[in-house]
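Each remark here refers to the structure printed beneath this line.
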Amino acid sequence: MAAFTLSRHYASAQTTIDHKVDSLLAKMTLAEKVGQMTNLVIDVISKTGPSGKVTEPHEIDEQKLEERILKYHIGSFQNVAGHAYDRKHWYEIISAIQHVAMQDRLKIPALYGIDAIHGVTYTLGSTLFPQEIAMAATFNPELIQKAGEISAYETRASYIPWNFSPVLDVAKVQAWPRVYETFGEDPYLVKTMGVAIIKGYQGNSVGDKFHVTSTMKHFLGYGDPLSGKDRTPAWIPDRYMREYFLPPFIEAIKAGSRTLMVNSSEINGVPVHSSKYLLTDVLRKELKFDGIVISDWMDVSYLHTRHHVAATEKDAVALAVNAGLDMCIVPYDYSFYNYLIQLVHEGRVPISRINESVRRILHVKYELGLFDRPIGNPEDYPDFGSDKFKAISRQVAVESITLLKNNNHVLPLQKSIRVLVTGPTANTMRSLDGGWSYTWQGEQDDKYAAEKNTILEAIEQKIGKQNVVYEAGADTAVDSAKQVDAIVLCLGESSYTENLGNIDDLDLPSAQIELAQQLAKTGKPVVLVLAEGRPRIVTPANDAVAATLMAYLPGNEGGNAVADILFGDVNPSGKLPFTYPRSPNALVNYYRKNIENGNGDDSHGYNPLYEFGFGLSYTTFQYHNLRADKPDLKDNGTLTIHVDVTNTGGRDGKETVLLFISELYASITPDTKRLRAFDKIDLKAGETKTVTFKISARDIAYVNDNGKTAAEPGEFKIQIANQTLGFKYATSKQFNKQTDGKL
């Protein structure tokens with residue numbers, strides 16, 4: 001009854017909003033409608049100095065703001081002008097914008113959006129979480145939902161209701177600079193963690209004062225560029241697209257995400273911003289998405305200037321809007337606005353298309369409560385940046401950090417020993433926070449997060465500064481090794497994002513590898529800590545050291561989390577959300593095809609440094625008694641699978657139980673295995689728990705050559721750790737109705 005009542009209440013609220021939107025839309029001029037479809041960056045309403053650059057401290061230019069809203073009726077703004085601001089300043093910015101919006105004829109509130117992709121990244125004093133790739137490594141959706149709730153709370157505390165997150169791209173190419181913004185390489189993991197964080201962002205209502213609307217990005221297939229570089233072409237067959245890249249967006253739409261951002265690149269020679277097939281036929285007609293579709297940065301004009309599919313920028317606007325775009329991040333001028341009005345008058349874009357887009361935009365503004373509460377109350381957010389929020393960030397970080405190697409149980413280190421800390425990522429917050437932190441590239445992390453602990457500072461705090469030797473240089477580090485009992489070597493990457501993170505060589509820089517090898521020759525145990533946003537090739541360094549920790553980009557509490565694990569205060573439980581390659585020319589995802597396993601030449605087959613889902617612990621776990629409730633799976637039934645897991649070591653720990661399924665033979669070559677379920681459990685030393693999964697026909701289905709999801713009869717294998725079990729699926733079922741938003 002409660003669910004029915006909630007559903008009825010939701011439907012009633014939506015009907016009320018529909019009536020309000022229809023009434024408002026009927027009063028709007030074409031110019032007012034096109035203004036709602038235009039998104040500008042905050043720079044264009046900011047005061048500038050004689051050089052034309054935005055002045056600091058940042059201030060709103062009232063004359064510019066009034067022109068944008070009162071003359072051009074601009075309906076949304078976004079981003080920052082290269083700096084992070086405190087909550088008071090954000091209040092002034094949003095208040096100024098909404099004050100002018102309330103002076104416009106129809107008093108439509110402005111919509112402000114920001115990339116709060118791992119916490120509210122552009123507000124001082126906020127809680128910065130690990131990046132998405134580290135969140136994925138926790139394999140703990142409940143924890144990530146909490147992180148989403150906190151991020152939403154602090155974004156609303158910054159008076160911003162729209163978050164350009166989460167990234168739902170499946171990161172198939174390890175060199176891609178946006179790997180760290182994703183939940184990894186596996187479609188099931190990406191969709192599970194994506195739904196979790198969306199639930200955290202949006203809660204039961206995006207309109208309450210503690211939640212925001214999420215933005216699914218980047219639709220579609222962005223994580224598989226042929227070159228491995230950002231915003232470069234992909235070639236993805238439709239069947240392949242539906243199998244690997246579409247599922248996270250399907251689940252996010254079902255979870256209620258209200259906005260979607262388009263892939264900046266092109267697929268099979270068609271820029272996604274001009275693809276009516278993807279933006280209308282698939283997204284609108286098949287998946288029934290009724291929220292806002294927004295462009296990425298300047299990507300409509302790029303149809304002309306980069307992709308060369310439009311002879312003029314005006315043609316580019318026509319292509320994008322007719323394809324299904326609702327809102328354009330222009331972001332600096334009125335070109336989109338002016339061209340679109342001309343195109344409607346010329347009959348090249350029908351007014352019905354404009355009305356569709358504006359209806360969606362107004363609907364989301366009503367859902368967000370902006371007509372009733374355009375700014376927000378500063379007193380409503382006493383927990384902003386609180387210790388309890390920081391504790392959740394630290395928990396996410398410690399559950400993400402992945403122990404990859406631990407020869408002779410060198411870890412955990414004793415707190416009584418003397419330690420050398422060295423390496424380029426040891427004493428900088430840039431390698432913990434990454435990009436999209438305080439600024440776009442994260443280049444000012446050490447300034448804005450100065451009060452946070454780097455890895456070095458966290459270790460000093462953990463065991464006493466007198467027990468820590470720090471050396472920044474390679475030569476002095478090798479010499480200082482004589483003075484210590486163990487070495488913590490911190491390698492990896494500095495902050496970057498998008499094109500500026502493109503690389504021509506996936507190998508970690510040779511100087512870093514050489515440092516690891518030289519330190520290993522000292523005879524002292526070397527613990528390698530990798531702070532990096534993608535799996536750089538580290539094989540020679542990994543081979544040389546005694547232990548390896550993958551820290552990813554663990555956020556503002558990441559230094560503390562690394563120290564917690566190094567010295568045994570926390571038992572590591574992270575698992576790799578991607579395949580860690582051994583060599584730069586062997587970039588294969590774990591769900592490879594069977595012919596990628598070697599074809600009789602095992603030396604050139606699938607041989608990663610560490611496989612997807614790998615991760616050690618300071619205790620040991622034994623799996624046994626894998627069983628199913630029946631030998632066969634039927635069309636409308638479920639197969640209930642049980643496995644017993646025992647903590648056979650001497651300390652408590654968390655273990656992620658991963659269920660993989662393989663189809664032995666199929667009409668489309670089957671993947672070697674696919675993740676179909678997982679569960680993270682706590683086990684005390686000596687304790688045994690039974691983990692249960694339920695599998696249906698849909699869970700063993702794949703997309704066939706007709707673009708339909710089908711379960712095909714045959715033999716299947718379940719794999720959980722070292723346990724395997726076979727079952728049969730005896731009938732055949734095709735899930736033809738993609739209009740229900742399901743695959």
Side-chain angles (χ1 to χ4, degrees), residues 118 128-140 143-144 147 179-180 183-184 189 193 390-406 409-413 419 421 423 425-426 428-429 431-434 452-459 461-462 488-493 526-536 538 542 545-578 580 609-619 621 651-656 680 682:
H118 64 124
L128 277 196
F129 289 90
Q131 296 278 0
E132 271 192 24
I133 196 65
M135 293 186 189
T138 70
F139 281 82
N140 189 338
L143 181 59
I144 300 314
V179 166
Y180 74 84
F183 290 117
L189 179 61
M193 304 305 270
K390 293 173 187 173
I392 299 296
S393 176
R394 188 163 177 167
Q395 184 181 353
V396 176
V398 297
E399 288 204 26
S400 71
I401 293 172
T402 306
L403 178 60
L404 297 176
K405 183 179 182 181
N406 195 16
H409 304 290
V410 66
L411 291 178
L413 300 172
V419 175
V421 179
T425 66
T428 173
M429 292 303 298
S431 297
L432 298 181
D433 287 338
K452 302 296 182 182
N453 283 334
T454 64
I455 296 173
L456 168 66
E457 292 164 342
I459 292 174
Q461 195 174 89
K462 182 73 70 176
V488 176
L489 172 61
C490 303
L491 304 181
E493 300 181 310
V526 178
V527 178
L528 173 60
V529 177
L530 295 171
E532 55 186 10
R534 56 194 156 191
R536 302 295 294 268
V538 296
N542 182 75
V545 302
T548 302
L549 275 183
M550 180 64 178
Y552 310 97
L553 299 175
N556 271 350
E557 300 300 318
N560 295 328
V562 169
D564 286 343
I565 287 177
L566 286 174
F567 294 94
D569 289 337
V570 175
N571 191 352
S573 64
K575 302 284 188 183
L576 282 177
F578 47 59
Y580 207 116
L609 187 62
Y610 298 106
E611 191 171 9
F612 170 90
F614 181 81
L616 301 172
S617 170
Y618 293 155
T619 189
F621 300 98
R651 63 178 293 174
D652 300 349
K654 299 176 186 288
E655 173 70 345
T656 297
K680 191 165 191 175
D682 289 281

Q. What's the verdict on side chain to side chain contact (heavy atoms under 4.5 Å, CB included) for Leu553 and Ile133, showing C-alpha distance, side-chain angles and the deciding distance?
A. CA-CA 8 Å; Leu553 299 175; Ile133 196 65; 5.6 Å; no
Do [X] and [Y] have side-chain heavy atoms sitting under 4.5 Å apart?
{"X": "Leu609", "Y": "Leu404", "value": "no"}
{"X": "Pro412", "Y": "Phe567", "value": "no"}
{"X": "Tyr618", "Y": "Leu403", "value": "yes"}
{"X": "Val488", "Y": "Val529", "value": "yes"}

side-chain contact (heavy atoms from CB on, under 4.5 Å) involving [X] - partner list, sequence neighbours excluded:
{"X": "Ala547", "answer": "Asn406, Val410, Leu411, Val527"}
{"X": "Thr454", "answer": "Asn427, Met429, Leu456, Glu457"}
{"X": "Ala137", "answer": "Ser400, Thr402, Tyr552, Pro577"}

Partners meeting salt bridge (Lys or Arg N to Asp or Glu O under 4.0 Å) with [X] (sequence neighbours left out):
{"X": "Glu493", "result": "Arg534, Arg536"}
{"X": "Lys654", "result": "Glu399, Asp682"}
{"X": "Lys462", "result": "Asp564, Asp569"}

Taking ring pair (Phe, Tyr, Trp, His ring centres under 6.0 Å) as the definition, give me every residue that meets it alongside [X], ordered by chain and number, with sequence neighbours left out.
{"X": "Tyr180", "answer": "Tyr496"}
{"X": "Tyr610", "answer": "Phe614"}
{"X": "Phe621", "answer": "none"}
{"X": "Phe578", "answer": "none"}

Q | Check: Ala458 main-chain N/O paired with Asn560 side-chain donor or acceptor under 3.5 Å | A |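 The answer is no, because no donor-acceptor pair under 3.5 Å joins these two groups.
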**Q.** Main-chain N/O of Asp652 paired to Thr619 side chain as donor or acceptor, under 3.5 Å
**A.**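 Between the backbone of Asp652 and the side chain of Thr619 there is no qualifying donor-acceptor contact (under 3.5 Å).
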Q: Determine which pairs satisfy side-chain hydrogen bond (donor to acceptor under 3.5 Å, both in side chains) with at least one residue from residues 129-138, sequence neighbours left out, and list them in order.
A: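 side-chain hydrogen bond (donor to acceptor under 3.5 Å, both in side chains) check on residues 129-138 returns His118-Gln131.
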Q. OG1 of Thr656 to NZ of Lys575: how many Å apart, nearest 0.5 Å?
A.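 It comes to 6.0 Å.
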Q | Non-neighbouring partners of Ser617 that pass side-chain hydrogen bond (donor to acceptor under 3.5 Å, both in side chains), sequence neighbours left out | A |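 Counting only residues at least two positions away or on another chain, Ser617 forms a side-chain hydrogen bond (donor to acceptor under 3.5 Å, both in side chains) with Asn571.
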